[in-house]
Participant: 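Structure provided below as structure tokens; questions to follow.
One-based numbering, in listed order, for ligands and for the atoms of each.
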Amino acid sequence: MVKLNFVVRSVVITLAFTLSLCDANDDDGNPKFHIVYLGSIPETKASYSPTSHHLNMLQQVLDGSNPTKSLVRSYKRSFNGFAAMLTNQQAEKLTEMEGVVSVFPSKTLQTQTTRSWDFLGLPKAPKGHQTIETNLVVGFFDTGVWPESESFSDKCITEPVPKKWKGTCAGGKNFTCNKKLIGARFYTEDSARDNDGHGSHTASIAAGNDVDNASFYGIAEGTARGAVPSSRIAAYKVCSSAGCADHGILAAFDDAIADGVDVISVSFGAAAALNLDTDSVAIGSFHAMAKGVLVVQSAGNAGPYPGTVASVAPWLITVAASTLDRQIVDKVILGNGKVLTGRSVNSFKSNGRRVPIALSNGNSSECEKEYADICGCLDKKLVKGKIVLCDNHAEAEPKSAGAVGTIAKIDLADLNLGYVTIMPSVSLLPKDYDVVKLYTNSTKDPKAEILKSESGQDQSAPRAAAFSGRGPNAIISEILKPDISAPGVNILAAYSPIGSPTEDPSTDNRSVHYNILSGTSMACPHVSGIAAYVKNFHPDWSPAAIKSAIMTSAKPMITNLTYDVGEYAYGSGQANPILAINPGLVYDINKEDYVQMMCNLGYDNRKIKLISGELNPCKGAAHRSLVRNLNYPALTVLVEPRVHINISFSRIVTNVGLANSSYRVRLTSKPEVINITVKPRVLSFKALNEKKSFVVNVIGMIPNETAVISSREPLK
Ligand SMILES: *[C@@H]1O[C@H](CO)[C@@H](O)[C@H](O)[C@H]1NC(C)=O
Ligand SMILES: *[C@@H]1O[C@H](CO)[C@@H](O)[C@H](O)[C@H]1NC(C)=O
Ligand SMILES: *[C@@H]1O[C@H](CO)[C@@H](O)[C@H](O)[C@H]1NC(C)=O
Ligand SMILES: *[C@@H]1O[C@H](CO)[C@@H](O)[C@H](O)[C@H]1NC(C)=O
Ligand SMILES: *[C@@H]1O[C@H](CO)[C@@H](O)[C@H](O)[C@H]1NC(C)=O
Ligand SMILES: *[C@@H]1O[C@H](CO)[C@@H](O)[C@H](O)[C@H]1NC(C)=O
Ligand SMILES: *[C@@H]1O[C@H](CO)[C@@H](O)[C@H](O)[C@H]1NC(C)=O
Ligand SMILES: *[C@@H]1O[C@H](CO)[C@@H](O)[C@H](O)[C@H]1NC(C)=O
Ligand SMILES: *[C@@H]1O[C@H](CO)[C@@H](O)[C@H](O)[C@H]1NC(C)=O
Ligand SMILES: *[C@@H]1O[C@H](CO)[C@@H](O)[C@H](O)[C@H]1NC(C)=O
């Protein structure tokens with residue numbers, strides 16, 4: 001019933017990631033946006049005024065200029081800090097000042113762009129504690145929402161806004177809330193209205209109403225619905241189409257925690273993992289966790305390469321994207337009658353006629369061959385009125401050159417990405433693309449007809465999507481990331497009618513209320529919804545207990561070792577909302593445990609004091625080897641190959657199942673090169689919330705650099 005995931009990986013991977021921060025490093029002396037993070041709000045000093053403290057600190061570095069002009073935002077509701085315009089020199093001076101945890105330039109993070117709930121086994125209209133569900137508030141940090149979307153109407157909610165809600169509807173002009181969409185704030189642009197589509201999509205996946213007959217031009221038709229359709233939505237617009245700025249993200253955390261949200265869903269992230277004290281999502285979510293608010297974040301879309309997961313803090317749930325059993329396919333019929341199947345989402349209905357095919361690099365002097373091959377440059381004379389072959393997915397140039405369709409080659413790594421197309425287009429795997437190329441080259445009058453996309457079956461689901469960011473965790477290798485998988489490929493959900501369905505208004509000005517998107521951005525709100533669903537049944541559970549329940553009840557997924565590294569691709573497996581309600585045992589973690597982990601990681605004691613707000617946060621001797629004893633619902637260790645290992649992990653489980661119950665250890669796969677022992681083998685409980693500890697010992701040797709030992713350790 002309670003499963004532990006096990007990863008022992010042989011290579012000590014040294015990951016050297018550099019996020020491009022050119023803006024901050026080129027010291028042209030001009031002030032730039034910086035975040036000055038000061039940790040927790042001091043509780044002891046009753047007279048403490050954060051804003052005057054912030055202004056005072058600024059005054060000391062500003063050489064006489066007006067600090068109120070340079071202070072852009074004060075964070076003071078849920079944690080302490082401010083955003084200000086500072087030169088690099090001033091930022092450096094502040095770093096040295098007392099009470100400062102970190103000073104870093106405000107970066108811009110990127111958004112990581114339904115049948116899915118049926119696939120996950122969550123029945124429609126879940127028979128939960130409806131009155132509690134209507135008390136749940138899920139906060140979305142995203143591009144805002146389209147308040148008039150059917151997914152956000154309050155026609156099914158009769159209960160008034162929950163009493164605990166301290167937020168507000170400040171979405172800007174012409175933005176109206178209702179009993180479902182109860183809160184709105186914006187930190188970019190001039191309203192919380194979603195003019196992109198991403199934010200409406202993610203919010204409706206987690207908490208949207210049931211909306212019948214939703215589809216994208218008839219594709220993926222069905223009922224669009226969220227996991228917790230009766231719960232409330234609060235939109236915090238921190239992203240515009242240009243990205244999501246750190247200073248706005250921290251402001252949204254400062255507000256949302258104080259507003260009283262239960263779960264925060266964050267579908268954006270940095271390009272690569274950042275240290276905990278310069279990662280705005282890690283900082284904000286730490287203070288959320290301290291107040292009992294669970295934060296869920298997407299793993300990022302930089303996969304399938306190792307070490308690409310960008311969400312690394314242990315108090316976050318990090319979500320990988322997996323495939324759905326519904327696949328969206330489109331077909332192309334060649335002049336010789338051969339039919340090939342591709343992966344794009346093509347809404348354009350064929351008129352039944354076959355159209356001439358053109359090679360992009362035909363007899364032309366207009367474009368360089370290499371550029372023409374990938375349809376980066378096309379000769380209008382060659383392609384006008386024809387379907388053009390492109391060695392890479394490209395549609396803007398073919399469309400502007402007058403082509404009426406494209407047949408493109410896609411890499412294996414893009415296999416799972418179903419692009420929404422802007423004209424009749426089909427993306428083929430290399431072997432099928434070569435068939436078309438050969439046919440075109442060897443036929444006098446090559447023709448093809450591209451059909452509108454339709455739904456098909458994918459028997460191999462769930463599989464980790466190729467694009468989904470992979471572990472190991474580049475900052476804390478002992479913490480498994482990603483944590484969990486959820487559907488993130490070809491998800492139909494609400495959209496903004498003024499957003500371009502392909503996110504490029506210059507080539508695609510269609511207006512839709514439902515759209516199909518892929519990305520870990522779409523996987524994340526599935527788990528935010530599940531977290532709210534679990535909280536619905538267990539309102540008193542801590543964020544870590546909810547996370548543990550979701551991880552230990554996950555459905556096992558298949559490892560594909562050719563590029564996947566098991567748990568590093570999908571975490572504990574595919575989230576299962578129904579089983580997550582009754583996990584039997586949970587691995588709980590409180591704020592002090594996380595703080596102790598930071599001590600063990602070797603973080604500066606002074607900083608940990610500020611972050612935790614505790615006088616003496618590091619208890620006992622801190623040592624890196626103790627990091628793996630954080631009570632995480634997964635065991636992970638990186639080891640050197642051909643070196644004898646003898647490693648122990650301690651864990652404590654809390655009984656949330658039957659008062660009188662026993663759990664026995666069962667190893668579901670026994671790797672030959674190592675021995676795993678668990679002591680004791682049986683845990684017997686007499687009462688609810690009783691805690692028992694056990695130790696897992698791993699002895700052996702990993703034979704070579706490529707070996708990955710991945711095993712599951714369930715307690716039955
Ligand atoms: C307000 O929003 C509605 C719904 O999108 C729109 O029809 C109306 O034109 C908007 N009014 C203003 C002043 O923007
Ligand atoms: C949904 O579509 C079906 C068939 O297309 C139709 O019978 C049904 O009435 C529609 N339902 C709604 C709520 O529009
Ligand atoms: C290529 O174009 C030139 C000039 O337009 C023409 O003379 C030549 O026959 C063409 N070659 C082929 C193979 O089409
Ligand atoms: C097309 O055919 C020509 C001659 O028949 C051959 O030289 C060329 O390699 C072929 N190109 C492709 C892409 O098949
Ligand atoms: C969309 O763009 C097409 C040209 O690509 C144009 O004909 C059409 O009027 C545009 N529609 C809207 C609503 O702007
Ligand atoms: C693993 O993935 C690769 C690349 O997608 C694929 O070629 C191979 O068939 C997969 N192996 C299994 C066992 O599914
Ligand atoms: C493993 O380590 C433990 C404690 O450090 C020790 O008691 C035990 O003998 C070791 N076992 C082996 C096989 O090295
Ligand atoms: C638990 O089980 C024991 C023995 O099976 C029994 O004596 C005891 O009454 C049970 N306690 C509860 C609370 O059911
Ligand atoms: C595992 O344990 C068995 C029995 O104690 C022993 O024979 C074997 O050598 C051990 N293997 C490793 C890899 O330590
Ligand atoms: C590395 O070890 C694994 C597991 O024992 C084995 O399957 C694989 O063949 C080995 N690879 C090399 C290159 O020795």
Participant: Under 4.0 Å between a side-chain nitrogen and a carboxylate oxygen: does that hold for Lys481 and Asp483?
Facilitator: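 Between Asp483 and Lys481 there is a salt bridge, with a charged N closer than 4.0 Å to a carboxylate O.
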
Participant: Any idea which protein heavy atom is nearest atom 12 (C) of ligand 9, and the distance to it?
Facilitator: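 For atom 12 (C) of ligand 9, the nearest protein heavy atom is Asn675 ND2, 3.4 Å.
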
Participant: Can you sort out which atoms of ligand 7 are near Ile699, meaning under 4.0 Å from one of its heavy atoms?
Facilitator: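 The atoms of ligand 7 under 4.0 Å from a heavy atom of Ile699 are 11 (N), 12 (C), 13 (C).
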
Participant: Nearest 0.5 Å please: distance from the CD1 atom of Ile35 over to the CD1 atom of Ile249.
Facilitator: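 Between atom CD1 of Ile35 and atom CD1 of Ile249 there are 8.5 Å.
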
Participant: Do Asn697 and ligand 7 have an N or O pair less than 3.5 Å apart?
Facilitator: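 Min N/O separation from ligand 7 is not below 3.5 Å for Asn697.
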
Participant: Does the protein place a non-hydrogen atom closer than 4.0 angstrom to atom 5 (O) of ligand 7?
Facilitator: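 Within 4.0 Å of atom 5 (O) of ligand 7, no protein heavy atoms are found.
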
Participant: Please report whether atom 2 (O) of ligand 7 has a protein non-hydrogen atom at a separation of less than 4.0 Å.
Facilitator: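 Yes; the ligand atom in question has protein heavy-atom contact below 4.0 Å.
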
Participant: Indicate yes or no: does Arg642 engage Glu640 in a salt bridge with an N to O separation below 4.0 Å.
Facilitator: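 Salt bridge absent between Arg642 and Glu640.
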
Participant: Looking at atom 14 (O) of ligand 9, tell me if a protein heavy atom falls under 4.0 Å from it.
Facilitator: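 Given the 4.0 Å cut-off, atom 14 (O) of ligand 9 counts as touching protein heavy atoms.
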
Participant: For residues 269-288, which residue pairs qualify under salt bridge (charged side-chain N to carboxylate O under 4.0 Å, His left out), counting only residues two or more places apart or in two chains?
Facilitator: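 Of all non-adjacent pairs touching residues 269-288, those that pass salt bridge (charged side-chain N to carboxylate O under 4.0 Å, His left out) are Asp277-Lys607.
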
Participant: Protein heavy-atom contact under 4.0 Å for atom 10 (C) of ligand 7?
Facilitator: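 Protein heavy atoms within 4.0 Å of atom 10 (C) of ligand 7 - there is at least one.
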
Participant: Under 6.0 Å between the ring centres of Phe79 and Phe286?
Facilitator: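 Ring-ring flag for Phe79/Phe286: false, centres at least 6.0 Å apart.
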
Participant: Working note: Arg624 + Glu478, criterion salt bridge (Lys or Arg N to Asp or Glu O under 4.0 Å); need CA distance, chi angles, decisive distance, verdict.
Facilitator: CA-CA 10 Å; Arg624 179 79 194 213; Glu478 297 88 339; 2.9 Å; yes

Participant: Just by distance, no angles: are the side chains of Thr520 and Asn301 close enough, under 3.5 Å, to form a donor-acceptor pair?
Facilitator: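 The criterion, which ignores hydrogens and geometry beyond distance, is satisfied for Asn301 and Thr520.
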
Participant: For atom 8 (C) of ligand 7, what is the nearest protein heavy atom, given as residue, atom name and distance?
Facilitator: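 Result: Asn646 ND2, 3.7 Å.
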
Participant: Provide the number and element of each atom of ligand 9 under 4.0 Å from a heavy atom of Val673.
Facilitator: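 With Val673 as reference, the close atoms of ligand 9 come out as 13 (C).
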
